[in-house]
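Before any comments, here is the structure.
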Number of protein chains: 2
Amino acid sequence: MVSLLFPTHAVAPSSSAVKPAQCRPGTLAGELRVALLRTARRMRMERSDDITDGQYSVLHALVTMGPLTPGALAERDHVQPPSMTRTVTTLVEAGLVSRGEHATDRRQVVVTITAAGEREVRETKRRRDAWLARRLKDLTLAERTTLAEAAEILRRIAAA
Amino acid sequence: MVSLLFPTHAVAPSSSAVKPAQCRPGTLAGELRVALLRTARRMRMERSDDITDGQYSVLHALVTMGPLTPGALAERDHVQPPSMTRTVTTLVEAGLVSRGEHATDRRQVVVTITAAGEREVRETKRRRDAWLARRLKDLTLAERTTLAEAAEILRRIAAA
DNA sequence: TATTGTTATACTCTATAACTATA
DNA sequence: TATAGTTATAGAGTATAACAATA
């Protein structure tokens, strides 16, 4: 099913630059590794300076998943519980999250993001998108189509 | 110039899944950001446990650029000179790099990677490529072609 | 006098072990 | 007795300031 708004000839030009050997899993892996790590590293730089990667990761999880316990957050980030206690304490003091009581189990704590925390996440995403969008504007439509397709494929790969 | 080994109909199928709106810089940026950061994060996990990201970065720079001074390494990684002194000392003690004298300027120090250091870098790359290649094998040829094209585009973006 | 690198010191982040409260 | 979270303490990593050696 080929969209009429997207004739195949708009895609063909960029595909012509790639040689068959570059598509072999072994060869492609090396090229893709460099490209992904380098771009991601550059993009990760586009964030607020007064928050660490670990802290941002917690805020992002809370935005995506809703309120979570410290234990769940620790497991998600492959970090030990005491480290997460510290991270959460820092975020509480910064007013970005709040601690609350669990509905049924009084041992547990529920961490909830605040309005300021949501704003922080939104702002970081906005910065990174702006950095990326600025570069995407200089590409051809065919190149952007390729990246849109690649994004879908990469999401599947990362999830596997 | 379209390669005979790569007829365009092999590429068209994957492009049909992408809608025009997804190729607008603003929209694409958001999708691409998530896909890149998620995949890169997963891939970065595939490394030796007894070396940090900062240490690996130094080894990688030395493999790519040849011997460098601590000052050059510090600037490259956006780190302060004393921090690089510490990192280099750790790597020297681990036998992965060695300190040497500068040819003409006796204030400067030249850091050179050792055979063990090169092995460490090779091993990490091998792990990451293996992880990636395993996932690439399950893709269609058209999808791998898309990723090969995307890799080229991303390298340009990261360099800009 | 300026530059390169190191040492001294402090702060942050993370980990393990021990402790408190609750189930 | 087991579990969730915290506190206590120690080990890396990085930063600023002060210092040594050389240009």
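Order of the sequence lines sets the chain letters (A, B, ...), proteins ahead of strands, with each chain counted from 1. Only heavy atoms go into these numbers, but all of them, side chains included; no hydrogens, no water, no symmetry mates.
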Over all atoms of both residues, closest heavy-atom pair of K137(A) and P25(B): CG-CG, 3.7 Å

Tell me: CG of D77(A) to P of dA15(C), nearest whole Å? 11 Å

Distance-only polar pair, side chains of Q22(A) and T27(A), donor-acceptor under 3.5 Å: no

Assess whether a salt bridge exists between R155(B) and E31(A), defined as any Lys/Arg side-chain N lying under 4.0 Å from an Asp/Glu carboxylate O. yes

Tell me whether E46(B) is salt-bridged to K125(B), with the criterion being a basic N under 4.0 Å from an acidic carboxylate O. no

Taken to the nearest whole Å, CG/D49(A) to P/dT14(D) is 16 Å

Footprint string (nucleotides 3-14 of chain C, 5' to 3'): B base within contact, S backbone only, - free, heavy atoms under 4.0 Å: BSSBB-----BB

Measure from NZ or CZ of R128(A) to the centre of the six-membered ring of Y56(A), then state whether that distance is under 6.0 Å and the direction lies within 45° of the axis. yes

Rounded off to whole Å, could you give me the CZ-to-C1' distance for the R76(A) and dA4(D) pair? 19 Å

Take the protein atom CZ of R106(B) and the nucleotide atom P of dA20(D), then report the distance between them rounded to whole Å. 18 Å

Rounded to the nearest angstrom, tell me the gap between atom CD1 in I51(B) and atom P in dG13(D). 10 Å

For S98(B) and T114(B), work out which heavy atoms get closest and say how close. N-CG2, 4.1 Å

